[in-house]
Amino acid sequence: MLSEIEEAYKNRDLVALDALAKPTMRELNKRSDYRSVLMLSCNNIKHLSKIASLEADCIMLNLEDGVSREDKPFALVLAAIFIAKTQKSNKKLVVRVNALEEGGYEEITYLNRFMPDAIRVPKIQNRQEVISVLALLNEGIELHLSIETAQAWHNLQTLAVNRRVTAFYLGILDLFADMGLPHSLINLDNPTMHYMLSHFLVTTKAMKVKPISFVFQEYKDTSTFVKWLELEKRMGYDAKGCISPKQVSLVNEIFIDREKEIQRAKIIVKLFEMHRDEGITGFVDEEYGFIDEPIYKGALNILKR
């Protein structure tokens with residue numbers, strides 16, 4: 001099927017590509033303990049085909065930044081195809097649609113049939129927009145919001161409309177630009193940056209929503225990236241956006257909670273062995289997501305260490 005996808009995309013045949021997007025029943029990943037959120041552009045078939053082998057806990061299928069206007073219709077269908085191909089996964093699959101007035105509503109309507117684990121809406125403004133998205137979004141799909149406008153920051157504590165709103169992402173570059181703040185303030189020692197990180201974390205946590213820290217664009221500068229991770233971990237963060245596999249590895253290593261990891265491994269081992277006794281070796285747990293033999297063996301390895 002991969003060759004058909006590549007051929008249709010190469011020929012810019014949107015009709016043929018759409019014919020390959022076949023909705024299937026998916027076992028949704030409800031996990032909330034993901035640490036690394038890796039951005040993948042949905043017009044890159046090579047990257048999409050590697051989803052299963054990526055280290056990231058959460059895959060952000062991106063239709064917005066980095067996807068040209070001409071490529072957006074193709075990227076949307078490719079996102080649907082690869083979601084449908086991944087009927088169950090221990091990785092959370094989230095689609096970042098375009099801004100609501102720039103095609104976002106239409107993209108959500110299309111993606112509803114393919115049931116991603118979550119939809120991420122960029123440039124959200126206010127409570128009314130959140131309500132309008134929830135009215136459109138299939139009941140089982142979580143809603144994630146990008147906080148990257150001055151109005152969203154001002155309205156932050158009103159945006160967790162109900163339990164389906166499960167994550168906020170701090171879009172620091174767009175947020176600073178919209179506030180008229182220079183990007184030079186985004187450094188490890190700046191008190192404004194410390195205030196914004198702590199305010200975002202505490203406000204979001206108070207609403208029982210998961211706060212995800214900003215993407216560090218200088219992906220080759222791993223030294224500074226590690227310093228940001230260490231600062232954010234001390235503050236209380238446990239998840240961060242990533243744009244490279246190396247960033248993913250560092251996030252997973254630094255944001256790990258050893259005690260929680262061991263407890264999770266114990267529960268996974270117990271659940272798997274209980275199901276295995278009944279002849280079931282692959283199932284979905286509401287809290288821990290999809291569990292099969294490789295996940296079980298991974299949990300055993302954690303306990304051995």
Side-chain angles (χ1 to χ4, degrees), residues 1-29 37-54 56 58-89 91-124 129 132-146 148 169 171 174 215 241-245:
M1 183 180 179
L2 186 59
S3 60
E4 294 178 77
I5 296 169
E6 291 173 330
E7 186 68 19
Y9 180 67
K10 179 182 176 182
N11 294 332
R12 313 300 286 173
D13 190 341
L14 190 57
V15 173
L17 198 63
D18 190 51
L20 297 172
K22 301 186 189 321
T24 57
M25 291 294 294
R26 292 193 69 243
E27 296 176 357
L28 295 181
N29 186 324
V37 181
L38 179 61
M39 192 77 68
L40 292 184
S41 291
C42 284
N43 57 344
N44 192 320
I45 297 172
K46 180 181 177 181
H47 289 172
L48 293 174
S49 65
K50 293 180 179 178
I51 286 174
S53 64
L54 295 170
C58 176
I59 305 297
M60 185 64 57
L61 300 167
N62 183 30
L63 302 177
E64 195 201 13
D65 296 343
V67 179
S68 69
R69 184 174 297 277
E70 296 74 23
D71 237 16
K72 288 185 187 294
F74 295 92
L76 174 62
V77 179
L78 286 169
I81 290 172
F82 281 91
I83 289 167
K85 281 167 59 69
T86 313
Q87 293 182 28
K88 52 190 176 183
S89 175
K91 305 177 199 305
K92 202 170 189 75
L93 300 183
V94 183
V95 181
R96 182 168 80 162
V97 297
N98 286 280
L100 295 176
E101 301 304 327
E102 297 174 14
Y105 284 119
E106 292 78 8
E107 289 166 347
I108 292 168
T109 301
Y110 177 82
L111 290 166
N112 266 336
R113 297 182 295 145
F114 299 91
M115 295 297 289
D117 299 318
I119 290 288
R120 174 179 170 184
V121 177
K123 298 178 177 61
I124 200 73
E129 286 188 346
S132 71
V133 173
L134 287 171
L136 180 64
L137 193 63
N138 272 351
E139 182 67 30
I141 302 173
E142 295 174 23
L143 178 57
H144 295 185
L145 305 175
S146 292
E148 52 191 350
Y169 300 78
D174 286 334
V215 170
C242 303
I243 54 174
S244 74

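The residues of the chain are indexed from 1 along the displayed sequence. The shown structure was predicted, so the numbers you read here are calculated from the model rather than taken from an experiment.
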Looking at [X] and [Y], what are the two nearest heavy atoms and their distance?
{"X": "Ser146", "Y": "Pro122", "answer": "CB-CA, 3.7 Å"}
{"X": "Ile51", "Y": "Leu40", "answer": "CG1-CD1, 4.1 Å"}
{"X": "Ile119", "Y": "Leu137", "answer": "CG1-CD1, 3.6 Å"}
{"X": "Tyr110", "Y": "Leu76", "answer": "CD2-CG, 3.6 Å"}
{"X": "Leu38", "Y": "Ala56", "answer": "CB-CB, 3.6 Å"}
{"X": "Phe114", "Y": "Ala84", "answer": "CD2-CB, 4.2 Å"}

Open item on the list: Let's go through Leu54 and His47 carefully: what are the C-alpha distance in whole Å and the side-chain angles of both, what is the deciding distance for side-chain contact (heavy atoms from CB on, under 4.5 Å) to 0.1 Å, and is it a yes or a no?
Closed with: CA-CA 9 Å; Leu54 295 170; His47 289 172; over 6 Å; no
Using a 4.5 Å cut-off on heavy atoms from C-beta on, say whether the side chain of [Y] contacts that of [X].
{"X": "Tyr169", "Y": "Met60", "value": "yes"}
{"X": "Cys42", "Y": "Phe82", "value": "no"}
{"X": "Val94", "Y": "Glu142", "value": "no"}
{"X": "Val97", "Y": "Val95", "value": "yes"}
{"X": "Val37", "Y": "Val215", "value": "no"}

How long is the span from the [atom1] atom in [X] to the [atom2] atom in [Y], to the nearest 0.5 Å?
{"X": "Lys92", "Y": "Leu28", "atom1": "NZ", "atom2": "CG", "answer": "8.5 Å"}
{"X": "Asn112", "Y": "Glu139", "atom1": "CG", "atom2": "CD", "answer": "11.0 Å"}
{"X": "Cys58", "Y": "Met39", "atom1": "SG", "atom2": "CE", "answer": "9.5 Å"}
{"X": "Leu78", "Y": "Ser41", "atom1": "CG", "atom2": "OG", "answer": "11.5 Å"}
{"X": "Leu61", "Y": "Leu93", "atom1": "CG", "atom2": "CG", "answer": "6.0 Å"}
{"X": "Asn98", "Y": "Lys72", "atom1": "CG", "atom2": "NZ", "answer": "4.0 Å"}

[X] side chain to [Y] main-chain N or O, any donor-acceptor pair under 3.5 Å?
{"X": "Asp71", "Y": "Val67", "answer": "no"}
{"X": "Arg26", "Y": "Ile83", "answer": "yes"}
{"X": "Asn43", "Y": "Ala75", "answer": "no"}

- [ ] Please determine if Lys91 and Asp117 form a salt bridge, counting it only when a charged side-chain N lies under 4.0 Å from a carboxylate O.
- [x]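 Looking at Asp117 together with Lys91, the answer is no, because their closest N to O distance does not fall below 4.0 Å.
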Open item on the list: Between Glu64 and Lys123, does any NZ, NE, NH1 or NH2 come within less than 4.0 Å of an OD or OE carboxylate oxygen?
Closed with: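 Yes, this pair counts.
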TODO: On the 0 to 90° scale, with breaks at 30° and 60°, tag the Tyr9-Phe74 ring pair as parallel, tilted or perpendicular.
DONE: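 Rings of Tyr9 and Phe74: perpendicular, as their planes differ by over 60°.
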